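One-based numbering, in listed order, for ligands and for the atoms of each. Numbers for residues simply follow the sequence, beginning at 1. As the structure is a computational prediction, the values presented were derived from the model and not from experiment.
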Amino acid sequence: MINKRVETAINEQINAELWSAYLYLSMSAYFNEVGLNGFANWMRIQWQEETAHAMKFFGYLAERGGRVLLKPIADVPARWEGPLNAFEEVLKHEEHVTALINNLMDIAIEEKDHATKSFLQWFVDEQVEEEASVQEIIDSLKLVDVKGNGIFMLDRELKQRVFVDPSTAE
Ligand code: FEO
């Protein structure tokens, strides 16, 4: 049976992951609207990833005999000033998620829950990758000149992103 404090924290994380999914789906809609379909694709894949993160926590709670409690998902923004602004918001959000994961890890350590510590390590590593991939896109966006040269190449590149289910990936 899972520790109650850990159970509550994981339920909060499920909500945070689903909010992240919702945020990126909103960004996908925004990019579709402004005609950047590659960016929209990247965000749609991100939505799938975040949903998979939530389900990874969901499955773990069930496996440990915990109770999943789904709370309402708060509103998300729907407008950004442009691709750079949107991706800067993504980075800010992912840094926040990293802090949430670190906090969860602190709780697991305090509660001497070794199984949860082991489970969370995957998310600690995942956050490093998430922040790095977003930073890379921000760096590319900063190279786009005032006339927008480069944006369509980047859009084509982001169109190539495909979903890899994190529950099956090592
Ligand atoms: Fe589920 Fe982007 O962290």
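Using a cutoff of 4.0 Å between basic side-chain nitrogens and carboxylate oxygens, R64 and D113 are scored as salt-bridged. Taking the charged nitrogens against the carboxylate oxygens, E17 and K56 have no contact shorter than 4.0 Å, which rules out a salt bridge. Taking a cutoff of 4.0 Å between a charged side-chain nitrogen and a carboxylate oxygen, K4 and E111 do not qualify as a salt bridge.
The name of the N, O or S atom in H53 nearest to atom 1 (Fe) of ligand 1 is ND1. Considering just the N/O/S atoms of E50, the one nearest atom 2 (Fe) of ligand 1 carries the name OE2.
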Kindly list each side-chain donor-acceptor pair under 3.5 angstrom involving residues 80-91, sequence neighbours excluded, with atom names and distances?
unit_1 : atom_1 : unit_2 : atom_2 : d
N85    : OD1    : E81    : N      : 2.9
E89    : OE2    : K92    : NZ     : 3.1

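Taking backbone and side chain together, E17 holds no N, O or S atom under 2.8 Å from atom 2 (Fe) of ligand 1. Atom 2 (Fe) of ligand 1 has an N, O or S atom of E130 under 2.8 Å away, backbone or side chain. Among the atoms of E126, no N, O or S atom is found under 2.8 Å from atom 2 (Fe) of ligand 1.
K117 and H114 form a side-chain donor-acceptor contact under 3.5 Å, judged by distance and modelled atom types alone.
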